[in-house]
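Working notes, beginning with the structure itself.
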Amino acid sequence: MTPEQLITFSHVAEHLNISRAANALHLSQPAVSGQLQALQVSFGEALYYRAGRGISLTPAGLRLLGVATQLRESMRQARDQRHSARTLQTGLLRIGASTTPASYLLPEAVAQFKTQYPGISVQLVTGNTTEVLNRLADLDLAVIEGEVQTQRIANHRAIEWQTDEVVAVLRHDHPLAKQPLINLSALADQSLVMREDGSGVRHMVMKAFDAIDVRLTDYLELAGVEGVKQGVRAGLGVGFVSELSLKHENSELIGVPLKPSLIRMIRILLPPLERQSRGAKAFIEQLLATE
């Protein structure tokens with residue numbers, strides 16, 4: 001027996017007439033009769049008998065009708081879900097984002113997406129770059145900053161989205177705060193506040209110090225962008241953050257570009273096309289349209 005035969009049987013049982021069931025199914029009467037006969041042969045027992053101009057169900061047919069009706073309802077629900085997914089009426093979008101895009105770029109984008117597609121639930125999974133990459137398999141897409149090692153993103157595709165600059169962040173009364181530019185080497189003997197291990201900013205800054213043969217051994221480590229900014233506010237030293245994270249700060253904190261400049265790329269990581277949901281595709285199109 002096949003699902004199509006069972007669904008046809010449920011329609012015939014509803015109408016108790018093969019001709020009317022055929023009209024409801026937009027099939028010919030011989031096609032419906034053929035499906036009923038094939039189902040009956042497969043089942044191995046009579047499911048109905050002729051009664052006047054219609055039919056009546058046998059006890060076996062009545063028992064099978066319950067299963068056939070459940071299957072028909074399940075198929076209806078599946079079609080409804082397909083329609084909702086195609087029209088983005090419902091769904092779930094799981095976005096991974098490292099600290100900078102999660103805090104300063106994506107909230108507005110998510111709000112805009114939710115306005116257009118209110119039925120789509122959005123889960124924003126945040127962490128430093130390493131933490132997001134570790135969860136890549138569970139996400140519909142990810143937005144991270146900094147370098148991306150090919151082996152870490154498996155078969156995902158990386159799209160360059162926006163550039164960002166890492167700057168030195170200082171308290172307004174720090175002696176270097178009025179400088180238009182700070183040589184990285186001038187910070188070697190300063191008290192420094194660094195992000196936690198796994199942070200893209202930390203990796204970039206440490207690599208830049210290595211490039212000028214400066215080995216940092218004494219610095220304070222704080223978690224997250226806000227942790228670094230709070231440390232700088234408290235007078236613990238000079239920190240390093242994304243320029244984006246200072247856009248809404250008051251004059252208490254000053255961001256100063258570095259020499260050499262620390263420019264990095266913010267990338268969107270996408271799974272293979274066959275794994276992309278319609279919601280993810282719509283969100284990606286929105287991001288790329290507003291870069």
Side-chain angles (χ1 to χ4, degrees), residues 91-118 120-149 152-154 156-167 169 193-206 221-233 239-249 253 255 262-271 275-277 279-291:
L92 172 64
L93 178 60
R94 300 160 301 175
I95 306 169
S98 53
T99 308
T100 297
S103 300
Y104 309 107
L105 293 175
L106 289 182
E108 184 176 346
V110 170
Q112 180 182 342
F113 181 80
K114 288 289 291 179
T115 298
Q116 188 169 0
Y117 305 108
I120 302 291
S121 297
V122 178
Q123 291 181 355
L124 189 58
V125 178
T126 63
N128 62 40
T129 300
T130 299
E131 290 167 341
V132 173
L133 290 176
N134 287 340
R135 299 191 60 176
L136 202 54
D138 302 323
L139 304 170
D140 293 305
L141 68 139
V143 183
I144 64 170
E145 77 270 17
E147 298 178 1
V148 180
Q149 296 177 342
R152 292 300 309 277
I153 64 174
H156 280 60
R157 182 166 55 104
I159 296 178
E160 295 184 349
W161 182 35
Q162 295 190 27
T163 56
D164 178 35
E165 184 171 6
V166 174
V167 298
V169 58
V193 183
M194 303 290 288
R195 283 281 305 275
E196 77 283 358
D197 193 22
S199 155
V201 168
R202 175 193 174 113
H203 175 76
M204 193 174 189
V205 171
M206 297 298 269
E221 183 177 302
L222 294 174
V225 178
E226 294 305 317
V228 170
K229 291 196 291 187
Q230 282 297 100
V232 173
R233 285 191 189 94
F240 302 93
V241 297
S242 162
E243 186 179 30
L244 290 169
S245 72
L246 298 174
K247 279 188 173 181
H248 302 294
E249 289 288 340
L253 294 181
L262 300 185
I263 306 294
R264 60 184 181 162
M265 182 63 64
I266 296 176
R267 294 178 173 86
I268 304 170
L269 302 184
L270 307 177
R275 281 181 46 200
Q276 286 182 27
S277 67
K281 290 177 182 178
F283 187 72
I284 292 161
E285 289 173 2
Q286 175 191 299
L287 288 183
L288 297 180
T290 57
E291 59 182 323

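Values reported hereafter were calculated over all heavy atoms of this structure, with side chains retained and with hydrogens, waters and symmetry mates removed.
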For a side chain to side chain contact (heavy atoms under 4.5 Å, CB included) with Ser277, tell me which candidate from Asp140, Ile120, Leu92 qualifies.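 Answer after filtering Asp140, Ile120, Leu92: Asp140.
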Quiz item: Applying the side chain to side chain contact (heavy atoms under 4.5 Å, CB included) test to His156, which of Leu136, Leu270, Leu141 qualifies?
Solution: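 Only one of Leu136, Leu270, Leu141 forms a side chain to side chain contact (heavy atoms under 4.5 Å, CB included) with His156, namely Leu136.
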Atom pair [atom1] ([X]) and [atom2] ([Y]), whose distance is rounded to the nearest 0.5 Å:
X      : Y      : atom1 : atom2 : answer
Arg135 : Thr126 : CZ    : OG1   : 9.0 Å
Ile268 : Ile284 : CD1   : CD1   : 7.0 Å
Ser98  : Arg267 : OG    : CZ    : 11.5 Å
Leu288 : Gln162 : CG    : CD    : 10.0 Å
Phe283 : Ile95  : CZ    : CD1   : 3.5 Å
Tyr117 : Gln112 : OH    : CD    : 10.0 Å

If we only count heavy atoms from C-beta on, is the [X] to [Y] side-chain gap below 4.5 Å?
X      : Y      : value
Ile266 : Val143 : yes
Val225 : Arg195 : yes
Val110 : Leu93  : no

So which heavy atom on [X] is nearest to which on [Y], and how close?
X      : Y      : result
Val232 : Gly239 : CG2-N, 3.6 Å
Gln286 : Ala109 : NE2-O, 2.7 Å
Leu139 : Gly96  : CD1-CA, 3.5 Å
Arg264 : Val166 : NE-CG2, 3.7 Å
Met265 : Trp161 : SD-N, 4.0 Å
Leu262 : Met204 : C-CE, 3.4 Å

For Asn128, check side chain to side chain donor-acceptor pair (under 3.5 Å) against everything at least two apart and list the hits.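 Result, side chain to side chain donor-acceptor pair (under 3.5 Å) vs Asn128: Glu196.
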- [ ] For Gln276 and Pro271, indicate whether the former's side chain and the latter's backbone hold a donor-acceptor pair under 3.5 Å.
- [x]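 Yes; at least one donor-acceptor contact below 3.5 Å.
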*Under the 3.5 angstrom rule, does the side chain of Arg94 hit a backbone N or O of Asp138 as a donor-acceptor pair?*
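Looks like yes, one N/O pair under 3.5 Å.
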- [ ] Mind running side-chain contact (heavy atoms from CB on, under 4.5 Å) on Ser242 and Glu145 for me, showing each step along the way?
- [x] CA-CA 10 Å; Ser242 162; Glu145 77 270 17; over 6 Å; no
Residues which pass ring pair (Phe, Tyr, Trp, His ring centres under 6.0 Å) with Tyr104, listed by chain and number, not counting sequence neighbours: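 None.
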Could you please spell out the steps behind the side-chain contact (heavy atoms from CB on, under 4.5 Å) verdict for Val201 and Val241? CA-CA 7 Å; Val201 168; Val241 297; 5.9 Å; no
